Amino acid sequence: QVQLVESGGGLVQAGGSLRLSCAASGSIFSINAMGWYRQAPGKQRELVATITRGGSTNYAYSVKGRFTISRDNAKNTVYLQMNSLKPEDTAVYYCNADILLQRYLPQYTYWGQGTQVTVSS
């Protein structure tokens with residue numbers, strides 16, 4: 001059974017920083033893309049950032065220049081460094097990962113349980 005566990009959320013003032021972590025565990029052969037999404041109250045879940053196994057990144061326009069996604073393949077962990085936080089960044093942040101359980105099986109996308117980030121003005 002595969003689990004993704006996020007940590008690092010919390011309450012921070014506008015202009016502050018937080019670092020989110022998401023560790024995948026279980027019977028994993030390899031992990032392809034990993035990413036962070038967020039969902040604010042009353043809104044749809046939206047992409048924040050993604051990173052390939054090789055390190056190529058993609059960011060939502062609203063977070064470019066403020067957030068940095070990275071990963072440690074040896075630890076099956078993805079990170080999101082969030083700087084210059086704004087009240088509009090307030091949301092539940094979810095990580096996901098495209099995981100192969102065995103070499104010749106198709107990959108499946110797994111999601112974490114989410115971690116709350118609240119930015120006060």
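Bear in mind the structure is a predicted one, so any value in this text is a computation, not a measurement.
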Student check: side-chain heavy atoms of [X] and [Y] closer than 4.5 Å:
X: I99; Y: Y108; result: no
X: L80; Y: V48; result: yes
X: V12; Y: T118; result: no
X: Y59; Y: R66; result: no
X: L85; Y: L18; result: yes
X: L101; Y: V2; result: yes
X: T57; Y: T50; result: no
X: N96; Y: Y110; result: no

Is [X] reaching over with its side chain to a backbone N or O of [Y], donor-acceptor style, under 3.5 angstrom?
X: R19; Y: G9; result: no
X: R103; Y: F29; result: no
X: T90; Y: V119; result: yes
X: T77; Y: K75; result: yes
X: Q13; Y: S120; result: no

If I take atom [atom1] from residue [X] and atom [atom2] from residue [Y], how far apart are they, to the nearest 0.5 angstrom?
X: Y79; Y: I51; atom1: OH; atom2: CD1; result: 11.0 Å
X: Q1; Y: S25; atom1: CD; atom2: OG; result: 9.0 Å
X: K43; Y: E88; atom1: NZ; atom2: CD; result: 8.5 Å
X: Q107; Y: N32; atom1: CD; atom2: CG; result: 5.0 Å
X: E6; Y: S21; atom1: CD; atom2: OG; result: 10.0 Å
X: L47; Y: N58; atom1: CG; atom2: CG; result: 6.0 Å

Answer yes if F67 and V78 sit in the same cluster of Ile, Leu, Val, Met, Phe, Trp and Tyr residues linked by side chain heavy atoms under 4.5 Å apart, and no otherwise. yes

With clusters defined by side-chain heavy atoms of hydrophobic residues (ILVMFWY) lying less than 4.5 Å apart, directly or transitively, does Y37 cluster with I31? no

V117 vs L11, side chain to side chain contact (heavy atoms under 4.5 Å, CB included): CA-CA, chis, key distance, verdict: CA-CA 6 Å; V117 172; L11 173 64; over 6 Å; no

Should the ring pair Y94 and W111 be called parallel, tilted or perpendicular, given that the plane angle runs from 0 to 90° and is split at 30 and 60? perpendicular

Whether the Y93 and R38 side chains hold a donor-acceptor pair (N or O, under 3.5 Å, no angle test) is what I'd like checked. yes

Are a donor atom and an acceptor atom from the side chains of T109 and D98 found within less than 3.5 Å of each other? yes

Using the rule given for side chain to side chain contact (heavy atoms under 4.5 Å, CB included), can you reason through S17 versus Q81, listing the C-alpha separation, both sets of side-chain angles and the distance that settles it, and then say yes or no? CA-CA 7 Å; S17 298; Q81 177 66 43; 4.0 Å; yes

Can you see which heavy atom on A91 is nearest to which on Q116, and at what distance? O-NE2, 3.4 Å

What is the minimum heavy-atom distance between A14 and P87, and which atoms define it? CB-CD, 4.1 Å

Would N73 and R71 satisfy side chain to side chain contact (heavy atoms under 4.5 Å, CB included), going step by step from the backbone distance to the final call? CA-CA 6 Å; N73 291 332; R71 65 189 284 174; 2.6 Å; yes

Working for side chain to side chain contact (heavy atoms under 4.5 Å, CB included), residues Q113 and Q3: CA-CA 9 Å; Q113 80 287 353; Q3 279 191 313; over 6 Å; no

